[in-house]
Peer 1: 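Provided herewith is a single structure, encoded as structure tokens, for subsequent inquiry.
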Amino acid sequence: MASIELRNIRKSFGAVNVIKGVDLEVRKGEFMVFVGPSGCGKSTLLRLISGLEDITSGEMLFDGKVVNALTPSKRGIAMVFQSYALYPHMTVYENMAFGLKLEKGNSKEAIRERVEKAADMLQIRQYLDRLPKQLSGGQRQRVAIGRAITRDPKVFLFDEPLSNLDAALRVATRIEIAKLHEGMHDVTMIYVTHDQVEAMTLADRICVLRDGLVEQVGTPMELYEKPDSIFVAGFIGSPKMNFLTGEKAEAFKCATLGVRGEHMLVKPDGIWEGEVIHTENLGADTYVYLEMGQEEPIVVRLEGAMQHPSGSKLRVSPMEDRVHRFDEAGKPIR
Amino acid sequence: MASIELRNIRKSFGAVNVIKGVDLEVRKGEFMVFVGPSGCGKSTLLRLISGLEDITSGEMLFDGKVVNALTPSKRGIAMVFQSYALYPHMTVYENMAFGLKLEKGNSKEAIRERVEKAADMLQIRQYLDRLPKQLSGGQRQRVAIGRAITRDPKVFLFDEPLSNLDAALRVATRIEIAKLHEGMHDVTMIYVTHDQVEAMTLADRICVLRDGLVEQVGTPMELYEKPDSIFVAGFIGSPKMNFLTGEKAEAFKCATLGVRGEHMLVKPDGIWEGEVIHTENLGADTYVYLEMGQEEPIVVRLEGAMQHPSGSKLRVSPMEDRVHRFDEAGKPIR
Amino acid sequence: MAPVGTAATPKIRSELMLQRVRAARWFLVPMMIALAIVAGWPLTRSIWFSFTDATLNDLYGAEWVGFGNYLRWQVLESGTVRYRGVLADPDWWNAVWNTVRFAFWSVLWETVLGMIVALVLNAEFRGRGIVRAAILIPWAIPTIVSARMWGWMLNDQFGIINDLGMKLGLLSAPVAWTASADTAMTAVLIVDIWKTTPFMALLILAGLQMIPKDIYEAADIDGVHPVKQFFRITLPLVRPALMVAIIFRVLDALRIFDLIYVLTPNSRSTKTMSVLAQENLFQFNNFAEGSTQSTLLFLLIAIFTILYIWIGKVNFEGGDR
Amino acid sequence: MGATFDYWKLTKTVLFYALVLVIVVVSVFPFYYAILTSLKSGTDLFRVTYWPTSISFDNFRQVFSQGAFPRNLLNSVFVASVTVILALFLAVTASFALSRVRFRGRGLLLMTILAVSMFPQIAVLAGLFEVIRFLGIYNTPWALIFAYTIFTLPFTVWVLTTFMRDLPVEIEEAAIVDGATPWVIITQVFMPLMWPALVTTGLLAFIAAWNEFLFALTFTVSNETRTVPVAIALLSGGSQYEIPWGIIMAASVVVTVPLVALVLVFQRKIVSGLTAGGVKG
Amino acid sequence: AELSIVSGDTGSGLAFLRSQLDRFEADTGHTVTVVPMPSSTTDQFGQYRLWLAAGNSDIDVYQTDVIWAPQLADQFLDLSEAAADVVGNHFPSIIESQTVDGKLVALPAFTDAPALYYRTDLLEKHGKSVPETWAELETTAMEIMEAERAEGNSEIWGFVFQGNAYEGLTCDALEWVMSNGGGQIVEPDGTISINNDQAAAAIDRAAGWVGTIAPEGVLAYMEEESRGVWQLGNAVFMRNWPYAYALGNGDDSAVKGKFDVAPLPAGDGEGARSAATLGGWNVAVSKYSPDPEAAIELAKFLASEEVQKERAIQQSNLPTIPSLYEDADVLEASPFMENWKAIFEQAVPRPSAPTKTDYNEVSSLFWSAVHDTLSGNGSAAENLEILEADLQDLKGDAW
Ligand SMILES: Nc1ncnc2c1ncn2[C@@H]1O[C@H](COP(=O)(O)OP(=O)(O)OP(=O)(O)O)[C@@H](O)[C@H]1O
Ligand SMILES: Nc1ncnc2c1ncn2[C@@H]1O[C@H](COP(=O)(O)OP(=O)(O)OP(=O)(O)O)[C@@H](O)[C@H]1O
Ligand SMILES: [Mg+2]
Ligand SMILES: [Mg+2]
């Protein structure tokens, strides 16, 4: 129901400038994911959008109206806090039902139904009567999510909502959130995550933040395939993109050459040779770290569980059409 | 310096049995990772090992000596808490130096040196004078890690220490922890994580917990390749292993057939046909979800960014040598 | 008094637990010793005196009289039974009623006003420090002074309260606040509430300050109206602090002495149990009776406290690991 | 910044400050009146005025010339400070035991401590008098310090116990893992987090000790050991029935000012959010 | 020896005491410390009782109110022998009031008796004479008050006295009763005499004053409140102690030079006469004094004629030695003492001697009964009847 526009938003805590002028438009019904290094200002930006934190300068618009001064409750948002912020004196049920009870016109049964539905979805049905302090970390996090989704807001703000969940649950919850979003076309979602998979799969668009500024906004594929800067290239994708400089880059007529681990082919006639210094075996894939005279070792992703003993040499080539070339300033050459 | 042995350890909170008889040996200098669904008791087990929580019954041995009654400080452990548990009134520096100051015989300079070294490693040097409340979630988590590693314990206990870090930092910190472990052959590490990559790459052995019991202990590859149960098979690996029942399983002479997404091949002459219901594009890989008349859709991992429009049909085959066959009881048939 | 270290659960206690229990014992012992010396002997003695015929002229020659000071009876020749003793004394029951009435109203008002003041002080505004100091002034003025000061201010002829009331049109004629039986209690209540609201406010304020801030943020997001936030979040979370503040206020109010002693020492409508007891102990030659009254007051307060803790579900547990 | 001028917000601000004003006026007015009175003398005392008409510091001069008022002030400072320090020391440690260590009979113990506060003060006077004479501290400041624990200790123990119960367990556990003993936990971890409670109970207990009259009167018999409230009661007019209002008010003003200063200094510690950022949950 | 004396005396009184003690020290070689006490007599009394009960040996000599000595008789030394030589010099009634069961428990230091203060200017203005009976006072007060109010002096009242429920009311009411021929509550032989018609009539009359010639608030007045009203010029008559005399003539007093004193009015029944309650202070020696000889010496010194004379001159305290009222030095310094001689001749002691340790309770019962009547809770007759029964209970077989 709400489109959100940020115009040159700044935020400082005392002398510390945290958000340094962000312009951003989140479209109505869009699923926007914020990513960026720890401490870059994601949570702060989310809190500014929620209205919990005062904006130092700039304008925040919801549906075209300035909301700088609007209280959080008037903005029609639901939020999952990075620190959970559960009500310590309420049971899980009460925590989740609290917002609903206060809205007028919700019958007791309707509330119970909604809470239980959310609890089922998050697999915390059996903990409804417990207090937060009697829960495990992941359970607390689920309560925090549950509290947000039982309500019916125009905007959802999620701050790393799945960070403490196990892989299976994380996938399940991720899918539930995606469904939630699909089911409610009007609802705008803003989602902070460090998980590449979450970002790539959930986002309509991803906003990469760096040090209080927007680095690039785009669909996941755009960011993956056409990063606007070395920073974005390095940040999106796991394992991190390999960057090569010096001779090897010059051969491709650029200052820095970026090649993702998955775009490296091990070939006997590979153009680069490296020494295996470390192998990581993930079951489905193996990451091989090659020493190639670069600042950091070069990662090559191989399918399946491979054994390349440390110290052995390997020749690799980048897929020519998947390399990323960057100039001195870190901007892509296309 | 310490081998840790758990003998039929149980723990209950009031009437709630949380740990239901765990036998486990962690070898001296080993890197043991605990994984398991949220709420299965990982943190509790860690706390039992740390001595913070009293053991309800069973025996805990460090280096062959019963330590049931020993205080945490006498066990020589350092711990990173899932909820950080920073001292709110102390600066980052003080938080990290507190334990050192309490130990006798540490000179001021020595403390500063150690703290600064850890801070550099965790990239929090510039926050040393801040209070925890002035930090971002990820920064807090790093302080918590820093606090543990500045000390010089025999046993490290990490409870999801990287969950709030961004991918790059996570890899970096993971590598630091691995280095730490390599550098100190005597130090035993127990590490709780939900991250498959962390578990697979860091662990000497992984212990899969389920509902207060040990489900399987083994090296990452053992678990990946020879899971002892459907549960472990489903839990290790991302995306989750596909399980097929009914006819399709019977064809392989088992009650349940497990095939990982990466072990499915799309072939025109694939033995199974499914309808694409969803595609997830992660850049390096694409997950295609196929409807095949099973309880859950079947995931197939394809390399690179592929487009398979929803609704189109796809034929796939499992790699015959990579299938997992389970009997009615969920035990593997080998 | 209560065994500390000996309380062990059947299972073996870890050294951590033992260390804590040992520490607990060392921490409790000095306090218990201090309390036992300072309070043990005087209390036992007072209670003992209540069972004797002690007078202040002859404390050490007191003889045991059993429950006589509480209640004794005498069968007259006519056959009617005459009850004597504190429990049969209408003055005592009048004092009980005065005390209870006083305690109820004063604590009620102090709680409400204290809460309001605490909420105001909890807000961030310029000059908050000065206001906090100002608030505490009523509590800081010695009771003997403030009671007399108020006596002066409430005077019908040259009291400023009457003057103000008349000037503002609230009173039509000067009221002799402390003199008239109808207003004496009100006067005492006004002074007490004025004097002790800061106590309440400060304790509640401390409670408010300990509440984590982030759950208010969650409540803001949940769209909880500030009033609802107060009742559903603030109140439950300051409850422990509030409960303790109320307990101590009620205890003090039930033992109220100096204020009434100075303001309306001999008015029947304000005479409280403590005042009555003081009279008997030191002014009249009824030391035993005064001790009896003190003991009864103690019992009454104890019963009240137990009820309060039970009904208010004051929690002794929690917080421990 | 704000595009529209928010009238509601303004009204709220105005109302809020009006409330603050009311609270301050009600609290301070009698004190103001006391100051007013302290500047008057003679028959003027019986006249109602709202502003100082004539200012004379005679009464203040008198306060310091009669008896040993400065000495009494020092006594009060000493007695109240030591009482509070002692009470806080005993209470902080005891409340750690009572709030954080599980042992049987804890509830009973708390009740016993409370029971001490249930006895009317006048009733313990005689017994306390005997104890104090027995200990040989009669007519010394220690008699008062000792006697005051009877009301400061239960209060501080209960309040601090309540507050300590609410501190996050995780932080204590972190300290345990760091090798902190209970003593270190109390002094270096808990106390800084309990400033609001400590300062509040400290202030309240300080003022209670500062203002105590009955014990002070009974347990001291010389001007050199007496405290301020007794000294005020000793201030007298020219003859038996005459109450020296002006001087009493002047003395009250004199003894209240240090307390106000004390509050001003310490109230800074009554800040919120001390535990913020420590744990999540 | 090292002696210590407690005194609840006021500022200048203490200074005076000190100066006398200095003399005493010089004369005898003893040293004396003064322990000042708050001026509230109830506080003092409670304190002294506690100290004495606990056998406190820190205090040797006590300054006591007239009504205390009998109550504390057990713990004071008998001074009759030691003071046999000087006893005859004092007013016999005062010596009597300090004698319990033949034991002289305290020596009188000075005495006190109230008077009727009246406004000479107003009486003159309205052509009235000083009232000699309560009835006259009533009408005079009423007339002047109404006339003055009509002239716009809306604050004026006819008569102020001490109506609060406290010892002062016992004094006031004893005067009403006694002056009306109603006895002295408990007679010297111990009989309870209060329940009689004359006493009831006297108290009823006083009840009639409240709200008419006296403000309602008088029910809460003690000495200072009455003096406040008086000194602002807002009362025609006042019953008060001598201390108000000097203060009323202070520079800032509205009634300076406009008032005088007279004996309190008499009643109108049989045996009616002016009566003034006997106040005053005495010195007693603690039984627990480590050095009783020296302590007695001090007590005698403080009660001696020369100290009393100095006291009368410097402190305007009324001596207990009749001859001093004729002393020229005294009269020169405090000419008003002339007036008080007449008043003092009418003085009646409160029944502290016969009721002994129960005096305070007797007094409390009495003032409560009177206060009830004044506040309109029952008539005097009803209240006195109950009072009699209560006193009888208290008395038991004997006081
Ligand atoms: N104080 C308590 N009282 C009752 N149950 C508790 C208490 N503490 C924990 N539990 C329960 O014990 C179980 C195990 O908790 P634990 O914290 O060990 O889980 P975990 O494996 O660490 O989970 P997560 O991955 O979510 O952190 C959970 O189901 C939790 O609800
Ligand atoms: N109260 C404060 N005072 C000063 N600096 C602050 C304060 N709160 C946050 N910061 C700083 O602002 C920056 C942004 O914080 P924020 O919480 O938005 O980061 P984030 O992007 O959410 O990081 P993370 O991924 O670690 O949660 C951080 O560097 C943090 O240290
Ligand atoms: Mg964050
Ligand atoms: Mg956990």
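Please read all numbers here as calculations on a predicted model, not as lab measurements. In what follows, chains are A, B, ... by sequence order, proteins preceding strands, each numbered from 1.
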Peer 1: For T218(D) versus W51(E), what's the shortest heavy-atom pair and its separation?
Peer 2: O-NE1, 3.5 Å
Peer 1: Which of the residues D43(E), V35(E), L232(E), V34(E) is involved in the greatest number of heavy-atom pairs with chain D at under 4.5 angstrom?
Peer 2: L232(E)
Peer 1: If you draw a 6.0 Å radius around OH in Y288(E), do more than 12 non-hydrogen atoms from other residues or ligands fall strictly inside?
Peer 2: yes
Peer 1: In Å and rounded to the nearest 0.5 Å, what is the CZ to CG distance from F219(D) to L50(E)?
Peer 2: 7.5 Å
Peer 1: If you count every heavy atom of other residues, nucleotides or ligands that lies below 6.0 Å from E2(E) atom CD, does the total exceed 12?
Peer 2: no
Peer 1: Between N317(E), N56(E), N234(E), which shows the greatest number of heavy-atom pairs under 4.5 Å with chain D?
Peer 2: N56(E)
Peer 1: Write out, in numerical order, the residues from residues 125-139 of chain D with a heavy atom short of 4.5 Å from a heavy atom in chain E.
Peer 2: L125(D), A126(D), F129(D), R133(D), Y138(D)
Peer 1: In Å and rounded to the nearest 0.5 Å, what is the CG to CD distance from L217(D) to Q44(E)?
Peer 2: 9.5 Å
